[in-house]
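All values below come from the heavy atoms of this structure, side chains included, with hydrogens, waters and symmetry mates left out.
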Amino acid sequence: MPTRQPARPHGRHVPARVPARASGRRSAGDVLAGLAALVVLVGLVGGVPYALLTFVGPPIRPELLDLEVLTGNVGPSTIIAVLVLLVWLAWFQLFVCVLVEVYAGVRRVGMPARVPLSGGTQFLANKLVSAALLLFTAGAMVAPLVKLAPTPAAPPVTAVAYSAPLVEQTLETPKTKKVYVVQPPHGRHHESLWEIAEKCLGDGRRYHEIYRLNQAKEQPDGTRLKMADLIRPGWVLDMPDDARNAHIVPADQPREKTLREHPGRAQVERELPKKAPGKHSKPEAAQEQRRDQRPEQRQERQEQRQGRQEQQPVIQESRDGDLVDYLAAASLAAAGLLFVLAGKRREQLWRRVFGRRIARPHDDAAQAEVALRLGSDAPGARVLDVGLRMLGAELAARRRTPPTVYGAHLSPRTLDLWIHPPDPDPPAPWIAVDGGQVWRLPAHEGRLLPDPPDRGHAGAPYPGLVSIGTDDGGRVLIDLEAAQGLINVRGAQTTAALAALAVELATNRWSDRMRITLVGFGAELTAIAPGRIRAVGGLAEVLPELEAGAAPRTEVLTGRITGSPRRAHYLLSAVAPTHEEARRLALLARRDTAGYVVAGEVPHATWTLEIGDDGRARIAELGFEVDAQLLPRRHYRALVDLFRTADRLDGEPMREPEPLDGLQQPAVEVRILGPVELTGLPPLEEGRMGLAAELLVYLATHIGGVHPVVLGGVLWPRGVQDIVRDATIARVAEWLGPQHLHTDAAGRLSLGPGVRTDWAVFRELVRRAKGDPTAGAVLLEKALGLVRGPLLAGRRPGGYAWLAADDLEYDVTAAVADAAHQLCEIRLAQGQPDAAVAAVRAALLLAPDDEGLWRDLLRATHATEDTVRLRAVVEGLTRRAASHPYGGGMAPETEALIEELLPTWRIHVVRESSA
């Protein structure tokens, strides 16, 4: 793409650039080092070829020109001639490296070109040339320039569009450097290194130079540049000396100070603007100002502002994209993590006490769940799970041994298995591709496959399949068992890669009984899957056990598909093995079905997974190259905190709601206690209602007001163009009308009193019921009458991920269950068990996993003295617990209550299962 060059402003004098002079002061050590480097360079470049010509002769000796060398015996003279040629080639390689480094140093082109196959040699040349050039750059070269060009009078400094400040240095001026502050350009979420290189260096292909200058340097927000495609607004990047459109700052100036002095648009966006769509009209603004004069109103507004300040950092973090970029990209791992998390939340609900909600995550843990909800590919995980189980069952029915699957590719269209040896006859609906080297399951066929009625008998044939990353078409997985040897992981991000493997292995649905041993890392990951993960300090602790339990691969695969699986085992080691440990592991891996992934330099590895600094993962033996799936330390900790929160059984208190002025029918009602419904508004054009409804729900449940920047981070966590965000808000403002959407002086959006949610009405009815014993039951019945189904049922796909970092979901579930429990107790005390049953069943529409509600239903149904009806409730509860998608059966308290109310229930359950 051609770079657009800025036009020079007319009528302005642009001063000629004066050569910058560096400090002329040099230490004795610098001079000696430069002289020594110069002597070594002269010796290498001139002395070595002179010595070679004098003592051993030219590069091509007569022995190499004799054609009989190719057909006859090779004598000592021929071997010497070959060695001489190799020495000449090595010198020539060094000579080319010196030329490249001298050219780069004299012309100051930034990073020098890379000479192929010359890593160490070019590094040596770079050090020598750099030291030698120090003798000339500040003394011999600068002084003649000063003599030839007398110092002119300082011209007036004038602004030049898109250009960096012009700074004239003197001998006493401190050293400076060029920096660039990353800014979100118009129409983009953030810049890229390629764009910055185009603008500042004139060639986008030079982005590598910027990356190398800034790699791993801490930025003002505490993060570091680890991948070339992940930069964030507000970062301060060091630039090559020839950069244009950059800031010149003191070399030792802290990055935070640079950002304060040169904020750019990134800083402006963090400051809340003063204008937004839907601003108050003058009479409304004056009325708002008069109300604000009242002391109680001023205090209320101050409290709201404090509440908003507590909310905004959470949402801002999702806009920064750090957690989202990694966790949301791991779509299969995200699906597995959410599945395990939902099971833990169900256990929390078993033990929830009246008046408290279950503990919810905060800060990074909450944002981790937001990212998981955004990225989760539950349909893809199901296709992988059901498709593999069905494949194993069909092969077992034909008495065929499953093939070795060394890799898989999951895309929105297909699931491909790369097998060995090729087999052109897979069971339907699988089809053979590429002569039987690939077994393919079309996605539409996979989605139609039924869930296996008994997962125990529909064994998981390939539990070791795990993602290593993504390519342009989808996710790439490898089977850790298929290597039949060690898998070596290398690179600076080895532990992050191992952690990502561990998390997906521990939570995936396409495996049954599994054990994962982590060596040298991951002790905290046991919080995610304590039944699958264990951590040890060294390989010596587990090697004897592994050697004792090894089993042939064919035997294990056959056992898995016939319903008698051996527990799969995978070892992931962040500790490099000793020579003896590597030998034992290699022997073990060749005869065992388990998977062994080991960091460090392992000479006996079958596959090597290379993780580059650019975030690319490569397995040369398989020909795979993908964007690596990584779990950096911050994300790792966020997941651990998320699951530790899900293990808390003490719960949290719920905040008391603010009283409503009245319960009259609002002009616009936002119904969220069931399917999302909006009443009192005209129809919106097709395709826009889902996003507009989510925007309205968020504003309606955050009455303190929300700034458009924050709202953009909520609705588009992966980032959005400012113009799209503002246009969406403007459409909703026009749809609602100025009487319903207001903007305060700080630019925050809020809904007027004519817009209200059914949730707000529910809380007000419950609040009034507590203070009115006489009419309490009637008010609670009215509140439960507002419940129509699960919270925000029918929400738009991919939306409402913000619920994970919000109180709403947790408060609604607990408040509805508590209201039903309270009404159930009142009706039972009044001798009205049918009304008690109705109250509980209304709440179960929204909170079906709250086990306390089921116990209330059992007690209320028992009070009707209808044994048949009670048995129907017990049987329904039993079937639900047995087939619950998150498993776990029933709470012990529930089973004990059933034993008390219906002692013969287990007999009936056994009879039903036998029938």
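Judged by distance alone, the side chain of Thr861 and the main-chain N or O of Leu858 form no donor-acceptor pair under 3.5 Å. A donor-acceptor pair is defined here as one N or O able to donate and one able to accept, closer than 3.5 Å; such a pair exists between the side chain of Asp758 and the backbone of Leu673. A side-chain donor-acceptor contact under 3.5 Å links Arg788 to the backbone of Pro675. Put simply, the side chain of Asp363 never gets that close to the backbone of Ala365: no donor and acceptor are under 3.5 Å apart. Checking side-chain atoms of Thr813 against main-chain N and O of Glu809 turns up a donor-acceptor pair under 3.5 Å.
Within the 4.5 Å cutoff, side-chain heavy atoms of Leu649 are placed close to those of Gln348. Annotation: side chain of Val766 is in contact with side chain of Leu780 (closest heavy-atom distance under 4.5 Å). The closest side-chain heavy-atom distance from Leu372 to Leu642 is below 4.5 Å. At least one side-chain heavy atom of Lys770 sits less than 4.5 Å from a side-chain heavy atom of Glu656. Proximity of Arg795 to Leu803: side-chain heavy atoms (C-beta onward) are separated by under 4.5 Å at one or more points. The shortest distance between side-chain heavy atoms of Leu337 and Phe643 falls below 4.5 Å. Within the 4.5 Å cutoff, the side chain of Ile358 has heavy atoms near those of the Tyr810 side chain.
For the atom pair CD of Glu764 and CD of Glu658, the computed distance is 10.5 Å after rounding to the nearest 0.5 Å. One distance of note links OH of Tyr698 with CG of Leu808; it measures 10.5 Å at 0.5 Å rounding. With rounding to the nearest 0.5 angstrom, the CG atom of Asp818 is 8.0 Å from the CG atom of Asp850. Between the OG atom of Ser331 and the CD atom of Glu504 there is a distance of 8.0 Å, given to the nearest 0.5 Å. Note that CG of Leu525 is 7.5 Å distant from CG of Leu631, once rounded to the nearest 0.5 Å. The structure places CG of Leu695 at 9.5 Å from CH2 of Trp735, a figure rounded to the nearest 0.5 Å.
Closest non-hydrogen pair, Ala814 versus Arg352, comes out as CB-NH1, 3.7 Å. Here the shortest heavy-atom pairing between Arg356 and Pro653 reads NH2-CD, 3.8 Å. When all heavy atoms of Arg796 and Leu715 are compared, the pair lying nearest together is NH2-O, 3.7 Å. The two residues His702 and Val706 have their closest heavy-atom pair at CB-CG2, 4.0 Å. Closest of all the heavy-atom pairs between Arg346 and Gly889 is NH2-O, 2.8 Å. Listed here is the closest heavy atom pair of Phe762 and Ala783: CD1-O, 3.1 Å.
In this view, Trp350 and Glu851 satisfy the side-chain hydrogen bond (donor to acceptor under 3.5 Å, both in side chains) rule, not counting sequence neighbours.
With respect to the salt-bridge test (charged N to carboxylate O, under 4.0 angstrom), the residues Asp849 and Arg880 qualify. Salt bridge Glu369/Lys344: absent, no basic N to carboxylate O contact under 4.0 Å. The existence of a salt bridge linking Arg382 and Asp385 is excluded, since no basic side-chain nitrogen approaches an acidic carboxylate oxygen closer than 4.0 Å. Checked for salt-bridge contact, Glu781 and Arg827 meet the test: a charged N lies under 4.0 Å from a carboxylate O. Between Asp807 and Arg357, at least one side-chain N (NZ, or NE/NH1/NH2) sits under 4.0 Å from a carboxylate O, which counts as a salt bridge. The pair Asp364-Arg637 fails the salt-bridge criterion, with no side-chain N (NZ, NE, NH1 or NH2) lying under 4.0 Å from an Asp/Glu carboxylate O. By the 4.0 Å N-to-carboxylate-O rule, Asp834 lies close enough to Arg869 to be salt-bridged with it.
Atom CD of Glu865 sits in a sparse spot, with 12 or fewer heavy atoms from other residues, nucleotides or ligands closer than 6.0 Å. Atom CZ of Arg767 is surrounded by more than 12 heavy atoms from other residues, nucleotides or ligands within 6.0 Å.
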Step-by-step side chain to side chain contact (heavy atoms under 4.5 Å, CB included) determination, Leu765 to Leu786: CA-CA 11 Å; Leu765 289 169; Leu786 298 173; 4.3 Å; yes
Applying side chain to side chain contact (heavy atoms under 4.5 Å, CB included) to Thr743 and Arg748, what does each step give before you reach the verdict? CA-CA 5 Å; Thr743 307; Arg748 294 184 179 88; over 6 Å; no
Going through the distances and angles, do Tyr800 and Asp806 end up as a side chain to side chain contact (heavy atoms under 4.5 Å, CB included)? CA-CA 10 Å; Tyr800 296 88; Asp806 198 274; over 6 Å; no
Checking side chain to side chain contact (heavy atoms under 4.5 Å, CB included) for the pair Leu791/Trp759: CA distance, chi angles, key distance, verdict? CA-CA 10 Å; Leu791 176 69; Trp759 165 234; over 6 Å; no
Please list, one pair per line, the donor and acceptor atoms closer than 3.5 Å that link side chains of residues 749-757 to other protein atoms, with sequence neighbours excluded.
residue	atom	partner	partner atom	Å
Arg756	NH1	Gly662	O	3.0
Arg756	NH2	Gln664	O	2.2
Thr757	OG1	Ala760	N	3.0

Indicate every side-chain donor-acceptor pair of residues 526-533 with a distance under 3.5 Å to a residue at least two apart or in another chain.
residue	atom	partner	partner atom	Å
Thr526	OG1	Ala523	O	2.9
Arg532	NH1	Leu505	O	3.1
Arg532	NH1	Ala506	O	3.3
Arg532	NH1	Ser511	OG	3.2
Arg532	NH2	Ser511	O	3.4
Arg532	NH2	Ser511	OG	3.2
Arg532	NH2	Asp512	O	3.0

